[in-house]
Amino acid sequence: MANKNLFTYLLLAFVSVFLSACGAVEVNKYAGKHHVHGEAPESAETTEPPSAGNTRVVRISGSASIEEIIPALAKKRVVFVGETHDNYAHHLSQLEIIKGLHEVYPDLAIGMEMFQKPFQAHLDSFIAGEISEQQFLKRSEWFDRWSFDYRLYRPILDYARQHKIPVVALNASKELKNRVSEVGIAGLNEEERARVPAEVDRSDEEYTARLRKIFHQHPGSSKRNFERFLDVQLLWDESMAERAAAYLQEHPSRKLVVLAGSGHLMHGSGIPKRVSRRMDVETAIVLPADNLKLQPGIADFLVFPEAAKLPKAGLMGVFLGTAEEGVLIASIAPESAAEKAGLKRGDVIQQLNGKAVKTPSDIKLVLFEKKPGENVQLQVLRKRLLLSDQELDFSFPLGG
């Protein structure tokens, strides 16, 4: 087990009690209607003071390391562990939980929001050691379908590969999500509808209210359709829950750690209760607390990881697009490595470090491990209106 001092954790008594004038109440992570969120109850005007019974108190039991909470988590069939996708510290704490549970219960699997179900075979091949990391990233279309820095997740996937821990692709395909965003679930054709879970539960009013609040915080929300937004979220959560439940039913001896954005897990109303609706299973929710509004019932355990950052990646400083002959440089950041090297907007990259490139993902696949200061070589086609096109070669160090 890694050194306890790697992270500082505070274990809140979400597995203990809330106190009220009515006595102690054990936390029910799904009982949103039994939890207050700081709002005053509606009532007629009165000069009487509000009842103390409406105030919830969380008893803090003290600090604990992840190692100390592993026995409690190991009693559950499914452990949901949240994240903010671009927060490296969150992924390191996820890895600590996976390691701890794997040491106690080796028959473990990991379900990941980051991978889409149609690409399960490539995930299996990578974990089995049959294909390289580069082959895996290309075949799983990581850079097109997830977009967050793969290095954030690499320690988790390396550990799974080393120990042959199955990794389950939970998410619906990008194409289906985009289609639902366009026409809603009701507007799908018969073939498309067959790829949506048969049962989509819309009964959780607090879930809908939280999503509505998020929706209206986004720019341009007044021009968009909330019902479509809700349909996409339901597609994500129901699809991930359906796949997790199916995997558990197919593998009755396995426990499952589900890694997903905290918004899919908090209060249990995204993925967790939709798994429990499909099968009777004991679960726990662990969320990173450093960017959450702490509320009763939000999780079973909250963790406060020490800050951690990935090393800086080497950057060209360009925004990429598509072109028939290669990869278009759509724009260039001022003072970037590319601008200093003499690249221009509209240039088309045809080769990078001697390899032909056809899509932005081909570029990202080469660059994702490069560090600032490392040299890259580009062969570029520069189109000119009045003169013939030029083929140019560039060699320059990446920025940071």
Side-chain angles (χ1 to χ4, degrees), residues 85-88 91 112-116 118-119 122-123 125-126 131-158 161 169 171 173-175 177-178 309-384 389-400:
H85 298 315
D86 61 357
N87 190 314
Y88 188 44
H91 301 299
M112 296 185 69
E113 174 194 357
M114 305 81 212
F115 295 103
Q116 296 169 17
F119 298 88
H122 306 307
L123 193 50
S125 295
F126 176 68
I131 60 175
S132 69
E133 184 178 70
Q134 285 273 323
Q135 290 171 318
F136 164 60
L137 292 173
K138 186 174 182 65
R139 294 178 190 180
S140 67
E141 301 181 13
W142 174 273
F143 297 105
D144 290 322
R145 293 179 177 273
W146 190 242
S147 79
F148 290 96
D149 194 331
Y150 175 72
R151 298 176 304 154
L152 294 162
Y153 299 90
R154 179 189 255 164
I156 293 170
L157 288 159
D158 281 353
R161 181 175 164 106
N171 220 332
S173 71
K174 180 179 179 180
E175 291 81 2
K177 293 179 199 173
N178 290 344
K309 290 186 177 181
L310 285 170
K312 285 188 175 181
L315 302 173
M316 286 199 294
V318 298
F319 295 92
L320 302 174
T322 57
E324 289 184 6
E325 306 92 338
V327 181
L328 176 71
I329 297 180
S331 63
I332 299 179
E335 300 299 316
S336 65
E339 184 183 69
K340 292 174 184 177
L343 288 161
K344 294 183 179 180
R345 178 183 176 183
D347 285 348
V348 177
I349 304 171
Q350 296 184 308
Q351 290 188 18
L352 172 58
N353 289 354
K355 294 182 178 180
V357 292
K358 296 181 178 180
T359 68
S361 290
D362 292 338
I363 302 280
K364 295 173 184 177
L365 194 60
V366 174
L367 294 182
F368 87 94
E369 284 192 286
K370 299 295 183 184
K371 299 178 178 60
E374 287 193 50
N375 252 55
V376 291
Q377 293 81 40
L378 271 65
Q379 185 181 96
V380 167
L381 180 67
R382 179 167 292 169
K383 293 183 174 294
R384 300 186 294 181
D389 296 344
Q390 283 182 302
E391 285 191 356
L392 304 171
D393 293 314
F394 295 87
S395 179
F396 57 94
L398 296 169

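The side-chain hydrogen bond (donor to acceptor under 3.5 Å, both in side chains) test applied to H122 returns no partner, not counting sequence neighbours. Not counting sequence neighbours, the partners of L328 by the side-chain contact (heavy atoms from CB on, under 4.5 Å) test are A323, V348. Every ring pair (Phe, Tyr, Trp, His ring centres under 6.0 Å) that F126 has, sequence neighbours left out, goes to F136. Not a single side-chain hydrogen bond (donor to acceptor under 3.5 Å, both in side chains) links D86 to another residue, sequence neighbours left out. Among residues two or more places apart in sequence or in another chain, the side-chain contact (heavy atoms from CB on, under 4.5 Å) test is passed with Q379 by Q350, Q351, D393. Residues passing the side-chain contact (heavy atoms from CB on, under 4.5 Å) test with L392 are R382, Q390, F394, sequence neighbours excluded. By the side-chain contact (heavy atoms from CB on, under 4.5 Å) test, D158 pairs with E133, R154, sequence neighbours left out. Under the rule for a ring pair (Phe, Tyr, Trp, His ring centres under 6.0 Å), F396 has no partner lying at least two apart in sequence or in another chain. Under the rule for a salt bridge (charged side-chain N to carboxylate O under 4.0 Å, His left out), the partners of K138 that lie at least two apart in sequence or sit in another chain are D362. With sequence neighbours left out, the ring pair (Phe, Tyr, Trp, His ring centres under 6.0 Å) criterion links F143 to F368. Listed by chain and residue number, Y153 satisfy the side-chain hydrogen bond (donor to acceptor under 3.5 Å, both in side chains) test with W146 (two or more places apart in sequence, or in another chain).
The shortest non-hydrogen separation linking V327 to G321 is CG1-O, 3.4 Å. In plain terms, the two heavy atoms of E141 and R145 that are nearest each other are OE1-NE, 2.7 Å.
Taking OG1 from T359 and CG from L365, the interatomic distance works out to 8.5 Å, rounded to the nearest 0.5 Å. Remark: Q135 CD to S125 OG distance equals 9.5 Å, nearest 0.5 Å. In this structure, CD1 on I329 lies 6.5 Å from CE on M316, to the nearest 0.5 angstrom. To the nearest 0.5 Å, the span separating CG on L152 from CG on N87 amounts to 8.5 Å. Of the inter-residue distances, the one linking N375 atom CG with N353 atom CG reads 9.0 Å to the nearest 0.5 angstrom.
The environment of CZ in F319 is sparse: at most 12 heavy-atom neighbours from other residues, nucleotides or ligands sit within 6.0 Å. Applying the 6.0 Å contact sphere to CZ of R345 captures no more than 12 heavy atoms from other residues, nucleotides or ligands. With a 6.0 Å radius and a threshold of 12 heavy atoms from other residues, nucleotides or ligands, K358 has its NZ atom at or below the threshold.
The side-chain hydrogen bond (donor to acceptor under 3.5 Å, both in side chains) analysis of residues 315-339, with sequence neighbours excluded, yields the pairs E325-K383.
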Self-check item: Derivation of the side-chain contact (heavy atoms from CB on, under 4.5 Å) call for V380 and E391
Solution: CA-CA 6 Å; V380 167; E391 285 191 356; over 6 Å; no
